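Quick notes on the structure that follows.
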Amino acid sequence: GAGVSQSPSNKVTEKGKDVELRCDPISGHTALYWYRQRLGQGLEFLIYFQGNSAPDKSGLPSDRFSAERTGESVSTLTIQRTQQEDSAVYLCASSSEAGGSQPQHFGDGTRLSIL
Amino acid sequence: QKEVEQNSGPLSVPEGAIASLNCTYSDRGSQSFFWYRQYSGKSPELIMFIYSNGDKEDGRFTAQLNKASQYVSLLIRDSQPSDSATYLCAVNRGYQKVTFGIGTKLQVIP
């Protein structure tokens, strides 16, 4: 597709369950970013990929969060043993250049609700 | 001091007026600057980016960068109700690090 694609668009799950969020970046984009946005709040950086490597994992809130990227394309963000405070919109963005000098293009996000 | 600072607003302007949105940053080595617009319930979309000191114009939008004073601004001329949104400033501090401000909520009053 032409833009960044995220799935699912909405996810409702029970506390304690694991969830997996998927991001398909724009074809050819080497850099991929994950952010979290709680209701009414700003963007919270989670992790950044350059190719398949994650040079910056500083934003991951806890060891329940992990992410991987394969084939310099699709990325998955996994949250284990979900908690109610994990409820948020999870946004993925990709960029054509890994140094941060080029704009990021965002997907529509996954709205995660933990019951 | 926050890395990227924006007034959260809301900033209210009448329809047809110029809206001025400001952003300051702390790292003097910052290189690239971006403005995104985010409508309620939607994801951010790129409005403009600027790398060099001075002004950059695109339609009704003008980005202004002053590296000596460490601020970047976005001017919206002939503001329309459809411009009502939150505007995010993002700064590339180098070393692959991009930091977003909290965003300024703009309300254009018909």
Side-chain angles (χ1 to χ4, degrees), chain A residues 2-7 9-10 21 23-26 29-51 53-59 69 88-113, chain B residues 2-10 21 23-25 27 29-52 56 58 61 63 65 67 72 74 84-107:
Chain A
V4 178
S5 177
Q6 291 188 247
S7 61
S9 54
N10 285 283
L21 313 179
C23 174
D24 274 286
I26 293 172
H29 277 195
T30 57
L32 186 148
Y33 303 79
W34 283 99
Y35 296 91
R36 179 169 69 180
Q37 189 171 34
R38 292 192 167 110
L39 187 64
Q41 303 298 310
L43 293 177
E44 179 184 357
F45 170 81
L46 296 179
I47 190 170
Y48 154 73
F49 286 92
Q50 177 181 337
S53 300
D56 190 351
K57 302 180 182 179
S58 62
R69 188 180 185 194
V89 175
Y90 289 81
L91 291 163
C92 175
S94 71
S95 174
S96 61
E97 188 270 335
S101 65
Q102 294 300 312
Q104 296 178 27
H105 301 269
F106 285 83
D108 289 337
T110 293
R111 186 175 301 277
L112 178 64
S113 299
Chain B
K2 290 182 180 178
E3 296 170 356
V4 179
E5 293 209 52
Q6 295 182 260
N7 188 320
S8 61
L21 304 160
C23 171
T24 59
Y25 58 94
D27 190 337
S30 297
Q31 301 165 2
S32 309
F33 307 85
F34 309 92
W35 282 100
Y36 292 83
R37 176 176 64 198
Q38 186 174 26
Y39 291 113
S40 181
K42 301 295 185 181
S43 60
E45 58 178 323
L46 180 71
I47 297 295
M48 293 196 68
F49 57 91
I50 186 167
Y51 303 138
S52 304
K56 180 181 179 182
D58 184 1
F61 299 95
L65 175 60
K67 289 187 177 180
V72 56
L74 179 70
S84 297
T86 296
Y87 289 80
L88 304 171
C89 171
V91 176
N92 174 19
R93 297 164 51 228
Y95 312 108
Q96 307 161 347
K97 179 74 173 180
V98 177
T99 302
F100 283 79
I102 195 169
T104 298
K105 184 173 183 178
L106 173 67
Q107 295 176 338

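All chains are named by letter (A, B, ...) in the order of the sequence lines, taking the proteins before the strands, and each is independently numbered beginning at 1. These numbers come from a predicted model, not from an experiment.
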Review point. Roughly how far, to the nearest 0.5 Å, is the CD atom of A/Glu97 from the OG atom of B/Ser32?
Key: 8.0 Å
Check your understanding: Looking at A/Gly109, A/Ser101, A/Ala93, A/Gly107, which has the largest count of heavy-atom pairs under 4.5 Å with chain B?
Key -> A/Ser101
Review point. If you tally heavy-atom pairs under 4.5 Å against chain B, which of A/Leu43, A/Leu39, A/Leu91 wins?
Key: A/Leu43
Practice item. Run the ring-centre check on A/Phe106 versus B/Tyr36 and record whether the distance is less than 6.0 Å. Key: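 Here the rings of B/Tyr36 and A/Phe106 have centres that are less than 6.0 Å from each other.
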Where on [X] is there a heavy atom nearer than 4.5 Å to chain B: the side chain, the backbone, both, or neither?
X: A/Ser95; value: neither
X: A/Gln104; value: both
X: A/Glu44; value: neither

Exercise for review: State whether the number of non-hydrogen atoms from other residues, nucleotides or ligands found under 6.0 Å of B/Lys105 atom NZ is greater than 12.
Suggested key: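 Not more than 12 within 6.0 Å, no.
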Point to revise | Within 6.0 Å of CG in A/Asp24, more than 12 heavy atoms from elsewhere | key: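 Counting neighbours around CG of A/Asp24, more than 12 heavy atoms of other residues, nucleotides or ligands fall under 6.0 Å, so yes.
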Point to revise | For B/Phe49 against A/Pro103, the heavy-atom pair lying closest together | key: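 Result for this residue pair: CD2-CG, 3.7 Å.
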Review point. Does the side-chain contact (heavy atoms from CB on, under 4.5 Å) test come out yes or no for A/Phe45 and B/Phe100, once each step is laid out?
Key: CA-CA 9 Å; A/Phe45 170 81; B/Phe100 283 79; over 6 Å; no
Revision key, fill the gap. Cut-off 4.5 Å, heavy atoms of chain A, and the answer for B/Phe33 is neither
Point to revise | Residue among B/Ala90, B/Gly103, B/Pro44 with most heavy-atom pairs under 4.5 Å to chain A | key: B/Pro44
Check your understanding: B/Gln38 versus A/Gln37: any side-chain heavy-atom pair under 4.5 Å?
Key -> yes
